[in-house]
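The structure presented is a predicted model; accordingly, all values stated were derived computationally and were not measured.
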2 protein chains.
Amino acid sequence: MAAPRPGRAVRGSSTGRPLMAALDLFGRRWNLRIIWELRHGPVGFRALQERCDNMSSSVLRQRLTELLDATLVEQQPDTTYALTELGHGARRALGPLVRWSAEWAATLSAADPEDVPQGF
Amino acid sequence: MAAPRPGRAVRGSSTGRPLMAALDLFGRRWNLRIIWELRHGPVGFRALQERCDNMSSSVLRQRLTELLDATLVEQQPDTTYALTELGHGARRALGPLVRWSAEWAATLSAADPEDVPQGF
DNA sequence: CTCAGCGCTTCGATTTCCGAAGCACTTGGA
DNA sequence: TCCAAGTGCTTCGGAAATCGAAGCGCTGAG
């Protein structure tokens with residue numbers, strides 16, 4: 001399947017509305033994680049794979065292709081991958097989600113004695 | 001697979017860190033969309049299915065089970081589904097992503113003459 | 001007593017994802 | 001110069017997630 005982009009029919013929506021394209025893109029496994037792991041600068045293929053809990057290299061390549069096509073990620077001359085301006089924007093848009101996840105953890109651990117660790 | 005929750009080992013991360021649980025939960029197909037479609041109040045099963053481009057009912061049920069377990073969604077006495085307080089928090093955390101997707105569309109359509117529609 | 005609509009389940013087909021293996025290439029010593 | 005180690009990336013068979021059509025049991029309206 002082609003990478004989701006606004007203006008393009010995507011999985012689950014034929015309208016091409018930008019939000020639907022975004023929801024499709026981010027609803028694909030590992031895409032959110034990849035953007036998160038690139039937040040601090042360029043990372044090489046194998047290093048990125050390690051940061052993503054050793055996800056499958058075939059899927060990593062596929063996701064990177066999609067993110068390149070969506071212009072959220074670009075490949076540097078030294079072949080490492082980095083967020084574009086747009087990619088950094090997406091990363092910033094994820095900030096509230098990070099904060100929310102902490103709130104989520106706090107709420108659940110208050111209602112439920114499961115062992116919830118610290119940090120993100 | 002069990003629904004992702006902070007404190008629980010999830011797909012792609014054994015640490016149980018809240019953010020990783022969130023990235024797993026939202027990285028499953030349709031979950032972002034379901035939360036989005038519930039933003040305006042309770043919706044019944046079949047209506048929700050329609051709003052999600054007639055997604056498979058079996059998967060919808062599975063997702064709802066996960067979201068119920070994660071306490072992002074609750075089922076009303078009349079069997080409709082609605083966001084919990086936590087769910088509304090997640091929905092608000094998605095706000096920046098919505099705004100970003102518009103920016104994304106604008107950037108792509110400026111660089112590229114693909115036909116990008118209006119709205120979200 | 002229909003009948004339509006509802007929430008939800010089942011199940012076979014399709015798509016996606018996984019993961020181990022390995023290829024081509026570069027770098028850094030010996 | 002040769003070799004070992006690391007890199008980016010591909011291939012491919014098996015496992016898992018998703019799809020979608022069909023239908024079951026229930027409820028309220030006519």
For residues 83-90 of chain B, dump all side-chain donor-acceptor pairs below 3.5 Å to protein atoms at least two apart in sequence or in another chain.
{"from": "T84(B)", "atom 1": "OG1", "to": "T71(B)", "atom 2": "O", "distance (Å)": "2.7"}
{"from": "T84(B)", "atom 1": "OG1", "to": "L72(B)", "atom 2": "O", "distance (Å)": "3.2"}
{"from": "T84(B)", "atom 1": "OG1", "to": "L86(B)", "atom 2": "N", "distance (Å)": "3.3"}
{"from": "T84(B)", "atom 1": "OG1", "to": "G87(B)", "atom 2": "N", "distance (Å)": "3.0"}

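An OP1 or OP2 oxygen of dC8(C) is reached within less than 4.0 angstrom by a side-chain nitrogen or oxygen of Y81(B). Not one side-chain nitrogen or oxygen of Q49(B) sits closer than 4.0 Å to the OP1 or OP2 atom of dA21(D).
The two residues V73(B) and L68(B) have their closest heavy-atom pair at O-CD2, 3.2 Å. In terms of heavy atoms, Q49(B) sits closest to M55(B) at NE2-O, 2.9 Å.
Here dT27(C) presents its P atom at 12 Å from CG of D78(A), a figure rounded to the nearest Å. If you measure from atom CZ of F45(A) to atom P of dC9(D), you get 6 Å, rounded to the nearest angstrom. Atom pair L60(A):CG and dC18(C):C1' shows a separation of 13 Å (rounding to whole Å applied). Between the CD atom of Q75(A) and the C1' atom of dC9(D) there is a distance of 10 Å, given to the nearest Å. In this structure, the CG atom of L64(A) is 14 Å from the C1' atom of dT10(D), given to the nearest Å. We find that CG of L48(A) is positioned 14 Å from C1' of dT7(D), with the value rounded to whole Å.
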**Fill in**
5' to 3', nucleotides 23-30 of chain D under a 4.0 Å protein heavy-atom cut-off (B base, S sugar-phosphate only, - none) gives --------
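We find the CZ-CG distance between R11(B) and L25(B) to be 9.5 Å, quoted to the nearest 0.5 Å. How far CG of D24(B) is from CG of D53(A): 10.5 Å, rounded to the nearest 0.5 Å.
The side-chain heavy atoms of R51(B) and R33(B), taken from C-beta on, include no pair separated by under 4.5 Å. The side-chain heavy atoms of Y81(A) and L67(A), taken from C-beta on, include no pair separated by under 4.5 Å. The side-chain heavy atoms of E66(B) and N31(B), taken from C-beta on, include a pair separated by under 4.5 Å.
Annotation: salt bridge (charged side-chain N to carboxylate O under 4.0 Å, His left out) contacts involving residues 67-76 of chain A, sequence neighbours excluded, comprise R5(A)-D69(A), R8(A)-D69(A).
Residues that satisfy the side chain to side chain contact (heavy atoms under 4.5 Å, CB included) test with R39(B), not counting sequence neighbours, are W36(B), E37(B), R91(B).
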Might you list the N or O atoms of the protein lying below 3.5 Å from N or O atoms in nucleotides 18-20 of chain D, with each pair's distance?
{"from": "dT18(D)", "atom 1": "OP1", "to": "R63(B)", "atom 2": "NH2", "distance (Å)": "2.7"}
{"from": "dT18(D)", "atom 1": "OP2", "to": "R63(B)", "atom 2": "NH2", "distance (Å)": "2.4"}
{"from": "dC19(D)", "atom 1": "OP1", "to": "R29(B)", "atom 2": "NH1", "distance (Å)": "2.4"}
{"from": "dC19(D)", "atom 1": "OP1", "to": "W30(B)", "atom 2": "NE1", "distance (Å)": "3.1"}
{"from": "dC19(D)", "atom 1": "OP2", "to": "W30(B)", "atom 2": "NE1", "distance (Å)": "2.9"}
{"from": "dG20(D)", "atom 1": "N7", "to": "S56(B)", "atom 2": "OG", "distance (Å)": "2.7"}
{"from": "dG20(D)", "atom 1": "O6", "to": "S58(B)", "atom 2": "OG", "distance (Å)": "2.9"}

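A donor-acceptor contact shorter than 3.5 Å links the side chain of W104(B) to the backbone of A70(A).
Direction of the helix axis in the helix from dC1(C)-dG30(D) to dG29(C)-dC2(D) shifts by 20° between the two five-pair termini, rounded to 10°.
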